[in-house]
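Notes follow once the structure below has been shown.
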Amino acid sequence: MSPQFFRISSAVMTGIICWLVLWLLNTERVAVRQLEETQLLEAYASDLNKEFDRALISVRVLSVLSREDDLSNDQFQNLAGALYSQLDGILSLQLAPDGVVSFMYPDDLSSGIRGQKLLEHPVTKDSARAAIASRQILIDGPRMLNQGGRGIVVRLPIFQQEQFWGFATAVFRLNDLLTRIRLKELKTLGFDFNIWVNSESEPLQSLFDSAIPADATDIRSLDIEVANQIWTLGIRSTDSSLISYISWAEILVAILITWLASALAYSTSQLYRHRNELSLLVDERTADLKQSEVNLKQAQRVARLGSWYKPPDTGVRYLSDQAMHILQVNESTQDLTRYMGLISPEYQAGFEAFCSSQAKGNRSVEYMINTGSRLIWIREVVEFDPLSQKLIGTIQDITKDKQNQAVIWHQANIDDLTELPNINYSKNLLADNLNLLDASSDSVALMLFDIQHFKVVNDSYGKKTGDQLLIAVAERLSQAFPDALLIGRFAADLFLVALKREANIAEKNPVGAVVEKQFESPLHINEVLRYVSFNIGIAYWPKDGATVDELLQSTEIALHAAKAHGEQGHICHYSSSLLDSSKEQDELSRDLRVAIRENEIFMVYQPVVDAASETVVGVEALVRWQHPVKGFIGPDKFIPIAERNGLIFSLGKAIFRCVSKDSQMLAEQGLGELRININISRSQFFDDGFSDFLAHELKTGFSAGQKITLEVTESYELMDYDALNTVISKVDNEFLQWSLDDFGTGYSSYSAIGLLPVDNIKIDRSFISAIEQSEVDQAIVRNIIAMAHTLKKSVTAEGIEKQEQAQLLKQMDCDYFQGYFYSKPLAPDTLVDWYRDNKCVNDMRMANH
């Protein structure tokens, strides 16, 4: 073998060995690089996929708020704030009931997003409608955002009981989202990268314009399915020398064994370095994801919300930590058959159907469960995933919400004092009962009970006593009518009772007897025995009203008629004549309001005669009303209407102003010495401003030195001596006196005369009209006069129409006379002329007879 051959052979062998070694080395590098590309691609694709999973979970958690009946901005801000602080890359969280963005976090008013109608806005309407149609989470984008920059919108349509409720939305800025998974770190590892988005609206959209094109042949890629889109992540090596050609430098290095060993060592070290970097990167991403899971669990705790999933064709489901905490269990695997045994029986069928749901969209169920230590209320929401065939749901403890709802319901429907249904709930119960009855064969009696003189008890003895009286009455009514369809508190001292009766109940009418028997014994109120009587209005369904409102109106009309019968308790049944009377009174009430405002009322004056001197010493001012259409309307008609409707206060002031004006005219005509008697309604004593008005009017409205007597009618209410004393003490006027009118017909006993702060007693005309013929009336009047004089009070007899009556009363030492025997009520100008001609009794007798 020649040296040349040897050299050639050696060169050839060396070349072959070098090429073989280089080829093996290059193959190893290519394999390592390819493995590295695959691992990086899978790692970054996994990170991107997990970022999207967190984005999807955020809107699911947010959708929980749609279950709140009265969703407040504070509730939304609390939950959205917790999610926002824990999810990197998120730009905005929104709730859009009925498709209108009403809640937003952060709440940036300048962005123009708040109030945006997603189903009408040109940018969002197509994707929003598509989401509703699919009943699935959809991603809108990538596109330009209102907040600026490019991003994606994750939108979840929310359905409640198959009805569209609205959207839960999360907005992510792409730069922030992609920055989190650190794609640009691939550059430092020697790789180019790009992401393409394939959606129905804009297929194959590139996110990085300067990166590798989608049609490049030397890239590795991986598809990621995200809701309605496919995101493709692609990478390729920037070092083409490793896979395209062998450099001369490498050939020379490969010729030398030392250089070959060095290159091999270098290649091995590079491999270990890249593997270590990749391992560190994967560990870092794993730690981030674990922290994200911790943050998500914290957000679930804030919302009192757990999650679970159920694989197909199994009887078990798997609970999250928060779900285990809510249900107070220690195992994440839950046997649904065993669990159903803990649910209250009335909810078990609904829960079983809920757990087998495979409908589009979400379904919800609420039920009560015994955890062993307590009863709690649970709300669950489920959604069926058609790809995995899994049921994915959330679970929430709503016990506190149910308790709050119960409190709110009680406050809205039950009277706090008597624990009876209030007016609104009473109407609803009555409507429910009427719907169950047959109007052709059934009849219902609806009754309104008005406690007699309750206001006096309440004002005289305090609200506490009044409340105790109402509670006792409610208990007695419940005992009196145990079979009632309804017993409720209609107003302050009004109670509503509904009884099912035969059609002829009006003729039988057992109500009065039942009430009388039940209340014949007194009530024990604060260690005092009190008797109670009622005014009762009764109407019948369907005769007196087909609807609840019509029936109540008829009952109220009957009650008003019962109260109009006088001070004693009375029962009145509704009739069409009562309706006509009610309409007439309502019309008179409206007209009276106008009459007071337009000064249609006026005063007439009836003389008062001193019995001893037989001269006129005063006049009583009597109000009159001349209606522009109906003509003269007597005070016996319009004054009760004024007292019932609260017009008595403005009418009383108008009367005072008329009298004060007339008194100035009378003084100018020489009648200033006459005392003017003015009637005061007992209702005015309970008007806080009456004392001040009275003092001011006496000081400024009347002429100086004008003597005034205020007449108040004896009544049950006037037994509140403190109220009368309060008014008298506040009005400091030396010319003012007080008189008790219509004495003998009210509730004050003779012994109470000394307790009333009055100067004069006015005997009611009913004792005078036949006094010359009735020894009983004579005895009563004689006793009244004697007791009044003993207590240093003067006495006036009104209604004198005969000379015999005047002579008899004079023998009894009555102080003052008034009646038609002397004069009818006169207009102010007529009174002036009459007075000048009739200053003494004899003149008047001649004038009248």
Side-chain angles (χ1 to χ4, degrees), residues 60-61 63-71 75 79 135 158-165 168 300-301 303-385 389-414 425 428-429 432 435-436:
R60 291 188 187 277
V61 173
S63 69
V64 172
L65 291 177
S66 67
R67 307 303 165 188
E68 300 294 335
D69 293 333
D70 292 314
L71 176 59
Q75 290 174 306
L79 180 56
R135 296 197 173 200
I158 303 171
F159 291 82
Q160 295 185 3
Q161 305 300 329
E162 301 300 325
Q163 296 296 319
F164 172 66
W165 180 89
Q300 288 183 348
R301 283 195 297 272
R304 306 193 312 275
L305 180 72
S307 59
W308 57 268
Y309 70 91
K310 177 183 175 295
D313 302 324
T314 65
V316 298
R317 63 178 178 179
Y318 299 90
L319 307 175
S320 68
D321 291 345
Q322 183 63 19
M324 293 166 57
H325 175 74
I326 290 173
L327 297 178
Q328 301 179 22
V329 297
N330 299 321
E331 298 291 336
S332 61
T333 303
Q334 186 180 67
D335 186 315
L336 289 175
T337 302
R338 183 179 301 173
Y339 178 70
M340 192 178 301
L342 304 177
I343 298 175
S344 297
E346 62 268 30
Y347 303 107
Q348 291 180 0
F351 181 78
E352 184 176 8
F354 170 82
C355 289
S356 60
S357 170
Q358 294 187 359
K360 284 187 177 181
N362 51 51
R363 292 185 59 186
S364 64
V365 66
E366 293 182 2
Y367 57 88
M368 189 166 57
I369 183 171
N370 188 344
T371 65
S373 60
R374 66 189 184 104
L375 292 174
I376 61 173
W377 275 95
I378 295 295
R379 176 190 290 143
E380 296 199 36
V381 180
V382 71
E383 186 172 300
F384 177 69
D385 185 357
Q389 297 292 301
K390 290 181 180 179
L391 285 177
I392 302 173
T394 60
I395 187 168
Q396 187 177 22
D397 182 353
I398 59 170
T399 305
K400 186 175 181 180
D401 296 338
K402 285 290 186 180
Q403 291 171 345
N404 291 339
Q405 290 173 9
V407 171
I408 293 172
W409 184 91
H410 189 278
Q411 292 174 344
N413 295 282
I414 303 299
Y425 191 37
N428 293 335
L429 288 176
D432 292 341
N435 289 334
L436 297 175

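Keep in mind that what you see is a predicted model, and the values were worked out from it rather than measured.
Here the straight-line distance linking atom CG of N362 with atom CD of E162 works out to 8.5 Å at 0.5 Å rounding. The structure places CD of Q163 at 14.5 Å from CD1 of I158, a figure rounded to the nearest 0.5 Å. Considering CG of L319 and NZ of K310, their distance stands at 13.0 Å, rounded to 0.5 Å. Summarising the geometry, atom CD1 belonging to I369 is positioned 10.0 Å from atom CD belonging to Q348; distances are rounded to the nearest 0.5 Å. L336 CG to T314 OG1: the interatomic distance, rounded to the nearest 0.5 Å, is 7.5 Å. Interatomic distance, CG of D397 versus CZ of R379, reported as 11.0 Å (0.5 Å rounding).
In this structure, the side chain of E352 does not engage the main chain of T337 through any donor-acceptor pair within 3.5 Å. Not a single donor-acceptor pair under 3.5 Å links the side chain of S344 to the backbone N or O of Y347. Put simply, the side chain of T399 never gets that close to the backbone of I376: no donor and acceptor are under 3.5 Å apart.
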| request: Check the pair I395 / L305 against side-chain contact (heavy atoms from CB on, under 4.5 Å), numbers first and verdict last. | output: CA-CA 6 Å; I395 187 168; L305 180 72; over 6 Å; no
| request: Evaluate the criterion side-chain contact (heavy atoms from CB on, under 4.5 Å) for residue pair I398 and I378; output intermediate values, then yes/no. | output: CA-CA 6 Å; I398 59 170; I378 295 295; 5.8 Å; no
| Verdict with reasoning, F384 to V382, per side-chain contact (heavy atoms from CB on, under 4.5 Å) | CA-CA 7 Å; F384 177 69; V382 71; over 6 Å; no
| field | Chi angles and distances behind the side-chain contact (heavy atoms from CB on, under 4.5 Å) call for Q161, S364 | value | CA-CA 7 Å; Q161 305 300 329; S364 64; 3.3 Å; yes
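Annotation for Q328: atom CD counts as buried by contact number, over 12 foreign heavy atoms lying within 6.0 Å. By the neighbour-count criterion of 12 heavy atoms within 6.0 Å, atom CD of E346 is densely surrounded, having more than that number from other residues, nucleotides or ligands. The local environment of CZ in F164 is crowded, with over 12 non-hydrogen atoms from other residues, nucleotides or ligands closer than 6.0 Å. Within a 6.0 Å sphere centred on CZ of R374, heavy atoms belonging to other residues, nucleotides or ligands number more than 12.
The shortest heavy-atom contact between N413 and Y425 is O-CB, 3.2 Å. Closest of all the heavy-atom pairs between A323 and S307 is CB-O, 3.6 Å. Minimum heavy-atom separation, K402 to W377: CG-CG, 3.4 Å. Heavy atoms only, all atoms of each residue included: I326 and G306 are closest at CD1-N, 3.7 Å. Shortest non-hydrogen contact noted between K390 and P311 is CG-CA, 4.3 Å.
No side-chain heavy atom of Y339 sits under 4.5 Å from any side-chain heavy atom of V329. Between T394 and E380, the closest side-chain pair of non-hydrogen atoms is not below 4.5 Å. Residues M340 and F351 have side chains in contact (heavy-atom distance under 4.5 Å, counting atoms from C-beta outward). Using a 4.5 Å heavy-atom threshold, the side chains of L79 and L65 count as touching. Taking the side chain as every heavy atom from C-beta outward, Q405 and I408 never approach each other to under 4.5 Å.
The six-membered or imidazole ring of F354 lies away from that of Y367, with a centre-to-centre distance of 6.0 Å or more.
Judged by distance alone, the side chains of Q334 and W308 never bring a donor and an acceptor atom under 3.5 Å apart.
Under a cutoff of 6.0 Å and an axis angle of 45°, R363 and F159 do not form a cation-pi pair.
Using a 4.0 Å cut-off between charged side-chain N and carboxylate O, E383 and R135 make no salt bridge.
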